[in-house]
Q: 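Structure in structure tokens, see below.
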Amino acid sequence: MYDTAIIGTGPAGLSAAINLKLHNRDFIWFGAKELSEKIEKSEKIANYPGLGLISGQELNRRMAQQAEEMELSITDKLVTSISKTKENYMVLAENEVYQAKTVLLAPGVVMGKSLEGEEELLGRGVSYCATCDGFLYKGKTIAVFCGSKKYEHEVKYLAEIAEKVWFYSPDPACDVDLPNVSKLEQPIKGMVGKERVEKIILSDGCELEADGVFILRNAVAPASLLPGLEMDGVHIVVDREQQTSYPGCFAAGDCTGRPYQIAKAVGEGNVAAHHILEFCRK
């Protein structure tokens with residue numbers, strides 16, 4: 001049982017991890033070992049106090065160096081589901097379940113809208129985890145939305161199990177050349193079904209039969225990750241303590257709203273960490 005589970009390795013997640021480490025708390029930190037892709041791609045950053053004009057790559061490198069110096073361990077797994085029990089939280093990351101007293105959501109803003117029917121059919125044919133649910137579709141027909149080339153291996157894994165795979169990726173570098181994989185030219189607009197997924201619908205209106213849909217993105221939208229979480233559009237609603245509508249669940253960084261600034265994210269991560277400490281003491 002961890003004191004907290006941090007989801008996200010951007011500046012908010014790092015700030016929280018540093019403070020929890022300094023207070024000797026037992027936590028697990030989920031996210032990419034490369035830390036923030038957004039910062040890495042920033043040409044110049046001029047408004048972070050004390051650093052002057054700095055490139056995004058250099059700032060990301062310094063953050064990674066500090067994490068290494070403080071021996072902060074990152075679990076490079078995608079969190080696909082969070083559920084609240086009476087006394088703690090159950091966090092599903094790929095095919096492993098972790099228990100924590102509290103949760104800190106710091107995934108940044110999950111860009112792009114959900115597919116039509118995604119939330120309604122989640123767990124009824126819609127899945128975010130190939131290794132968790134792939135075995136359910138042995139010899140069946142599935143569709144895969146692959147958001148990035150780095151998930152190609154998961155598409156290939158699913159192709160080994162399923163009889164037929166409808167495949168679409170907005171990433172031009174992403175391609176899977178296998179006999180049972182058909183690459184779609186039109187984007188997947190959504191999916192439909194009465195009790196479970198029955199068909200996918202493409203942007204041109206074409207319908208294709210499918211027993212399941214796998215959506216492979218860099219992050220799962222908070223509303224899908226923790227159903228019932230109070231949202232304001234794509235942003236998580238928090239109070240001054242960074243507390244969400246779920247007791248013991250906190251949020252920090254871009255996911256809580258504008259301005260999308262590193263300084264704001266670091267500050268909110270710090271605030272959240274201190275209130276996590278207070279929550280655990282109680």
Side-chain angles (χ1 to χ4, degrees), residues 7 77-84 90-97 107 110-148 150-171 174-176 178-231 233-234 236 246:
I7 292 93
K77 291 184 177 181
L78 177 66
V79 174
T80 54
S81 176
I82 301 172
S83 58
K84 179 78 169 69
M90 307 289 285
V91 179
L92 177 64
E94 296 182 7
N95 57 350
E96 297 287 337
V97 176
V110 180
M111 304 306 291
K113 296 181 180 179
S114 297
L115 302 179
E116 292 181 7
E118 178 180 336
E119 294 181 14
E120 294 83 354
L121 292 169
L122 183 61
R124 294 187 290 130
V126 173
S127 175
Y128 298 125
C129 180
T131 55
C132 302
D133 300 326
F135 73 96
L136 296 171
Y137 298 92
K138 184 175 177 62
K140 296 186 178 183
T141 298
I142 61 172
V144 182
F145 173 91
C146 185
S148 171
K150 69 179 182 180
Y151 298 121
E152 274 186 3
H153 68 284
E154 295 196 38
V155 182
K156 293 175 182 177
Y157 166 74
L158 290 168
E160 293 175 358
I161 299 170
E163 180 179 353
K164 173 73 176 179
V165 178
W166 302 112
F167 166 73
Y168 176 78
S169 177
D171 184 348
C174 184
D175 191 21
V176 177
L178 292 172
N180 64 333
V181 176
S182 294
K183 188 172 182 179
L184 301 171
E185 296 300 326
Q186 295 292 329
I188 298 173
K189 181 180 179 182
M191 62 285 303
V192 293
K194 293 182 179 179
E195 299 297 327
R196 292 184 56 82
V197 169
E198 297 173 4
K199 296 178 180 179
I200 59 170
I201 302 174
L202 305 185
S203 61
D204 62 358
C206 179
E207 296 184 1
L208 300 171
E209 292 187 0
D211 299 299
V213 180
F214 286 82
I215 301 171
L216 309 178
R217 298 193 186 102
N218 291 331
V220 178
S224 299
L225 200 62
L226 185 55
L229 185 69
E230 185 179 356
M231 303 288 296
V234 297
I236 304 170
Y246 274 84

Q: Could I get the full list of salt bridge (charged side-chain N to carboxylate O under 4.0 Å, His left out) partners for K84, not counting sequence neighbours?
A: none
Q: Counting N and O atoms only, with roles assigned by atom type, does the side chain of E152 sit under 3.5 Å from a partner on the main chain of D175, one being a donor and the other an acceptor?
A: yes
Q: Got I7 and I82 here, is their nearest side-chain heavy-atom distance under 4.5 Å?
A: yes
Q: Which residues pass the ring pair (Phe, Tyr, Trp, His ring centres under 6.0 Å) test with F145, sequence neighbours left out?
A: none
Q: When you measure from the side chain of N180 to the backbone N and O of A159, does any donor-acceptor pair fall under 3.5 Å?
A: yes
Q: Mind checking ring pair (Phe, Tyr, Trp, His ring centres under 6.0 Å) for Y246 and listing every partner two or more places apart, or none if nothing turns up?
A: none
Q: Do V197 and D211 come within less than 4.5 Å of each other through their side chains, counting heavy atoms only?
A: no
Q: Measure the shortest side-chain to side-chain distance between V220 and V79 over non-hydrogen atoms and say whether it is less than 4.5 angstrom.
A: no
Q: Could you tell me if the side chain of K189 sits less than 4.5 Å from the side chain of L202, heavy atoms only?
A: no
Q: Are the side chains of M231 and I236 in contact, using a 4.5 Å heavy-atom criterion?
A: yes
Q: Is C174 close to Y151 at the side-chain level, that is, under 4.5 Å between some pair of heavy atoms?
A: no
Q: Mind checking the CD1-SG spacing from I215 to C146? Nearest 0.5 Å is all I need.
A: 12.0 Å
Q: Quick check: do L225 and Y128 have side-chain heavy atoms less than 4.5 Å from each other?
A: no
Q: Answer whether the closest heavy-atom distance between the side chains of L208 and L184 falls below 4.5 Å.
A: yes
Q: Taking W166 for the side chain and E209 for the main chain, is one N or O donor matched with an acceptor at less than 3.5 Å?
A: yes
